[in-house]
Amino acid sequence: MAIEVGTKAPEFELKDNHGRTVRLSDFRGEKNVVLLFYPFAFTGVCTGELRELRDDLQAFVNDDTELLAVSNDSIHTLRVFGDQEGLEFPLLSDFWPHGAASRTYGVFDEEKGCAVRGTFVIDKEGVVRWTVVNALSDARDPRDYVKALEAL
């Protein structure tokens with residue numbers, strides 16, 4: 001079960017597609033965070049979702065907001081994926097311990113071994129203010145994230 005609105009967002013420390021360490025607390029007091037979990041790089045629905053975010057990036061990466069996309073892929077896979085797709089936001093690897101962050105947020109599918117499509121809008125104080133969780137095959141609508149950010 002995914003964490004709920006009003007809950008303090010659990011801290012995590014993950015490597016991005018360039019090998020840099022990213023912590024949720026890096027943004028506390030500075031930026032709202034759109035934390036997006038997705039199953040795997042290079043898959044159809046995931047690639048389509050991330051391309052949509054890339055194409056409207058100013059709505060998700062600006063002075064007030066940071067976009068963090070998390071999958072259970074290795075940082076090496078994410079590096080190639082990000083380069084190939086022109087993704088200029090952090091792609092975080094929840095590879096090892098496998099799915100630790102995804103489990104903490106309640107979006108890890110134990111049977112499939114990957115995260116489901118969970119999105120959490122976290123305010124500058126680190127509190128979850130909006131969330132949606134979709135099945136593996138169901139793409140999310142980024143316009144919903146924009147509305148949630150506008151409500152902060």
Would you list the pairs meeting side chain to side chain donor-acceptor pair (under 3.5 Å) in which at least one residue belongs to residues 107-120, sequence neighbours left out? Glu49-Arg117, Arg103-Glu110, Thr119-Arg140, Thr119-Tyr145
To the nearest 0.5 Å, what is the distance between OG1 (Thr131) and CZ (Phe120)? 4.0 Å
Side-chain heavy-atom pair Phe60, Leu149 within 4.5 angstrom cut-off: yes
If you measure from the Lys or Arg side-chain nitrogens to the Asp or Glu carboxylate oxygens, is any gap between Lys124 and Asp64 under 4.0 Å? yes
Kindly indicate whether the side chain of Lys15, heavy atoms from C-beta on, has any atom under 4.5 Å from the side chain of Phe95. no
Determine whether Phe40 and Leu50 fall in the same hydrophobic cluster, where Ile, Leu, Val, Met, Phe, Trp and Tyr are linked whenever their side-chain heavy atoms lie under 4.5 Å apart. no
What are the two closest non-hydrogen atoms of Pro90 and Leu68, and how far apart are they? CG-CD2, 3.8 Å
Work out which heavy atom in Pro10 is nearest to a heavy atom in Leu24; give both atom names and the distance. O-CD2, 3.5 Å
Can you name the closest pair of heavy atoms from Leu136 and Ala115 and give their distance? CD2-O, 3.5 Å
Asp26 side chain to Val22 backbone, donor-acceptor under 3.5 Å: no
Distance-minimising heavy-atom pair for Asp73 and Ser93: O-OG, 2.6 Å
Rounded to the nearest 0.5 Å, how far does OG1 of Thr65 lie from CD of Glu30? 12.5 Å
Can you tell me how far the NE2 atom of His18 sits from the CG atom of Asp83, to the nearest 0.5 Å? 6.0 Å
Please determine which of Val45, Thr47, Leu91, Val70 meets the side-chain contact (heavy atoms from CB on, under 4.5 Å) test together with Tyr38. Leu91
Could you state whether Val33 and Ile3 fall into the same hydrophobic cluster, counting links through intermediate Ile, Leu, Val, Met, Phe, Trp or Tyr residues with side-chain heavy atoms under 4.5 angstrom apart? yes
What I want to find out is whether Arg23 reaches Glu11 closely enough, with some N-O distance under 4.0 Å, to be called a salt bridge. no
Looking at Arg51 and Asp55, does any basic side-chain N land under 4.0 Å from a carboxylate oxygen? no
Should the heavy atoms of other residues, nucleotides or ligands under 6.0 Å from NE2 of His76 be counted, would the total exceed 12? no
Spacing of Leu152 atom CG and Asp123 atom CG [to the nearest 0.5 Å]: 6.5 Å
At their closest point, which heavy atom of Asp94 faces which heavy atom of Ala101, and how far apart are they? OD1-N, 3.0 Å
If hydrophobic clusters are built from ILVMFWY residues whose side chains come within less than 4.5 Å, do Val121 and Leu53 share one? yes
Got Gln58 and Asn62 here, is their nearest side-chain heavy-atom distance under 4.5 Å? no
What is the distance from atom CZ of Phe81 to atom CG of Asn17, rounded to the nearest 0.5 Å? 10.0 Å
Students often mix this up, so state it plainly: with edges at 30° and 60°, are the rings of Phe12 and Tyr105 parallel, tilted or perpendicular? perpendicular
Out of curiosity, does Trp130 fall in the hydrophobic cluster containing Val116 (side-chain heavy atoms, cut-off under 4.5 Å, transitive links)? no
Establish whether Leu36 and Phe42 are linked, either directly or via other cluster members, by ILVMFWY side-chain heavy-atom contacts under 4.5 Å. yes
Closest non-hydrogen atom pair, Val107 against Ala2: CG1-CB, 4.2 Å
Got a second to check how far Glu66's CD is from Ile122's CD1, nearest 0.5 Å? 12.0 Å
Is the number of heavy atoms from other residues, nucleotides or ligands under 6.0 Å of Glu4 CD greater than 12? no
In this structure, are over 12 heavy atoms from other groups packed under 6.0 Å from Lys8 atom NZ? yes
